[in-house]
Each structure stands twice: as structure tokens, then as C-alpha cells.
There are 2 protein chains.
Amino acid sequence: MPDVAPLANELRLAIHRMTRRMRQQHPTHDLTLTQISALAIIWREGPITAGDLAVREQVRPPSITRVVDGLESAGAVIRKDNPADGRQVLVEITEDGIRRMESYVEAREAWLAQLLAELPPKDRETLHRAAVILNELAGH
Amino acid sequence: MPDVAPLANELRLAIHRMTRRMRQQHPTHDLTLTQISALAIIWREGPITAGDLAVREQVRPPSITRVVDGLESAGAVIRKDNPADGRQVLVEITEDGIRRMESYVEAREAWLAQLLAELPPKDRETLHRAAVILNELAGH
DNA sequence: TATTGTTATACTCTATAACTATA
DNA sequence: TATAGTTATAGAGTATAACAATA
């Protein structure tokens, strides 16, 4: 088995620092990173129960309750009773939520996009492949 | 200019999910990710003022005060007055802190290391190069 | 009785503003 | 007056435990 400890360490620190850096950059938008992440799922895939959203976001039910609370307060989603099962709640994106996502995707990643645009194409290709690998790792 | 928005979005989500995943995996250790990150700097580079540590960690002074508080309570570092400037505090790693770092680096990344070990060597190389690129991006 | 979701509570990480001590 | 650091306070994000409503 290869000695992967240095890579694990290097990767962990790089991700940790990048997370902080992105969070610092984020406050220009009125939704948080976590809210955007959850909203993006609802946007792409349509109405989803709170429980399923928690699974998709890999958080516990109480955490997703808070995220949905924030999105609902912001007017980006609404909760609806599921007629098929009264215990469940369906979270749906609103017209306003759709507009926010479109605006976010188009305009709100200016900082990161600018940095990426300044990289050599080869580095962007590396980051794209890394993102795919990390998404798989995060699913384990 | 190339269309880097999809890459920015993909990268942000991948990093966000990986951060949560690592945090879930972490609690087996008694120091947090943030504490380990700061302690690693002191470990590698020796005593450092609180202000310089804040700059290195890219956080504000009050945040580094809390991190150092936690490390000091855990016995991993001690604060010392700087004889050269009474306003400054020098943060030094303790013998116990050194042992923790060694143990951490050796044993505490088993989860991530295991996942990495199962990857094709080419993917590990990709992640290594990505970590280098991300560290540079985070510094901007 | 089991499942779904929320509420109560707590801990980590971060920030801005105000303060203390020293230069 | 300026700088280094801490304290006070607040908000985001997460968790476990206890609870209510429904199946």
C-alpha cells in the first residue's frame, strides 16, 4: 500500500482553507453556501421531502430543518404537506427561488470564476477531474 | 475568456460536501480540524505570535484567540509573553502537542487515507496537483 | 410500534465592535 | 496615538435527545 498519509494531510488542509476563503467571499449574496447547496438540489430535481433532502445533503434531519427554515424565510422555497403521507413535508422551490438560483449561477461566483479564468487550462482540467473524484469520495 | 462558471459551481459544491464529510469523520480525535490546522503551523514552524498565526490561518484576531484558547486548554500549546514586545503573545507547542500532532499525522487520517489508497494512482496524482492549486487560490 | 419532522439544547467556527495593555 | 490581543456578542452550521403527529 502506498504512503497516502501526506496526500491526505495536504488535501485536508487545502480543502479546509479553500472553504474558509469561499465563505469569506460569500457574504455579498443573501443566501449562505449551505442554503445554496440545498436549494440547488431542489432546483435541479424538483420537490423533495425533508428527509430525502437531509440524505442528499448528508446532514441529520434537525440540520435540514434549519436550512429549510432559512430558505423559507427568504422566500426561496415553501413547505407543502404530502397528500400521500401526512408525516412528510415536501419542499418546493418558488419562482423567487428559481430567480435567485439563476442569478447566483450566472453572477455570484465571480470571485472564484475570475481566479479560475486566470489559471492555465491544464490546471482547470486538473480541478475539474479533482472535483469529480472528491464528489465520489464524499459519497463514501 | 472561457466559461468557467460550471467549473466554479462544481468545485464549490465538491469542496463543501467534502468538508462536511471530513467533519463527520473527525470526532474520533479530541482536537478539531481548525485546531489541528493551526497546531500544524506551530509544529512545523515554531513559536509564532497570535497575530501572525491569524494571518497564516486567514482568520481575524478574535478567531485565533478562540483557537489558541482551545489548544491551550487541551495542553497542546502555551502562551508566553514576548520579552521583545509586551503587547505580543508567543504561542508555543508543548511536548504533549508534539505527541498529538505525530499521532494525528500517523494514525488519525485513516479514513481519508484508506479512501485515497483505493484510488488509481492517477487519481491520487490529480488530487495532489489539485491541492497545490487550491492552496494557491486560497491565498488570493 | 415505527417513521417523519420539529423543538430544545449545545458545541464549533467565524465575524464586528468595544475594551485593555503596551509601544 | 497606534498596535496586539482579548472580551462581548451574534450568526451560521452542525449534532444528539426528546417530542408530536401520522402510518
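Order of the sequence lines fixes the chain letters, A, B, ..., with proteins taken first and strands second; residue numbering starts at 1 for each chain. All values reported here derive from a predicted model rather than from experimental measurement.
Among the atoms of the strands shown, base atoms are found under 4.0 Å from some heavy atom of S63(A).
Ion pair R100(A)/D30(A) flagged as a salt bridge, since at least one NZ, NE, NH1 or NH2 atom sits closer than 4.0 Å to an Asp/Glu carboxylate oxygen.
R23(A) has no side-chain polar atom (N or O) that falls below the 4.0 Å cut-off from OP1 or OP2 of dA12(D). The side chain of T32(B) contributes no N or O atom lying less than 4.0 Å from OP1 or OP2 of dT12(C).
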Do any N or O atoms of the protein come closer than 3.5 Å to N or O atoms of nucleotides 7-9 of chain D, and which pairs are they?
{"from": "dT9(D)", "atom 1": "O4", "to": "R66(B)", "atom 2": "NH2", "distance (Å)": "2.8"}

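For the segment residues 41-52 of chain A, the set of residues with a heavy atom within less than 4.0 Å of an atom of DNA chain D is empty.
Each of A84(A) and R60(A) has a nearest nucleotide on DNA chain D; the 5'-most of these lies closest to R60(A). Nearest-nucleotide positions on DNA chain C place V67(B) closer to the 5' end than the other of V67(B) and G86(B). Two residues, P83(A) and Q35(A), neighbour DNA chain D, and the one matched to the more 5' nucleotide by heavy-atom proximity is Q35(A).
Around atom CG of D81(A), no more than 12 heavy atoms belonging to other residues, nucleotides or ligands sit under 6.0 Å away.
Comparing atom distances between the Q24(A) side chain and each of dT22(C), dA2(C), dA15(C) picks out dA15(C) as nearest.
Residues meeting the side chain to side chain contact (heavy atoms under 4.5 Å, CB included) test with T19(A), sequence neighbours left out: I15(A), R23(A), I15(B), T19(B).
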I'd like to know whether R79(B) forms a salt bridge (Lys or Arg N to Asp or Glu O under 4.0 Å) with E92(B), so could you lay out the CA-CA distance, the side-chain angles of the two residues, the decisive distance to 0.1 Å, and finally the verdict.
CA-CA 6 Å; R79(B) 283 178 166 97; E92(B) 293 185 13; over 6 Å; no
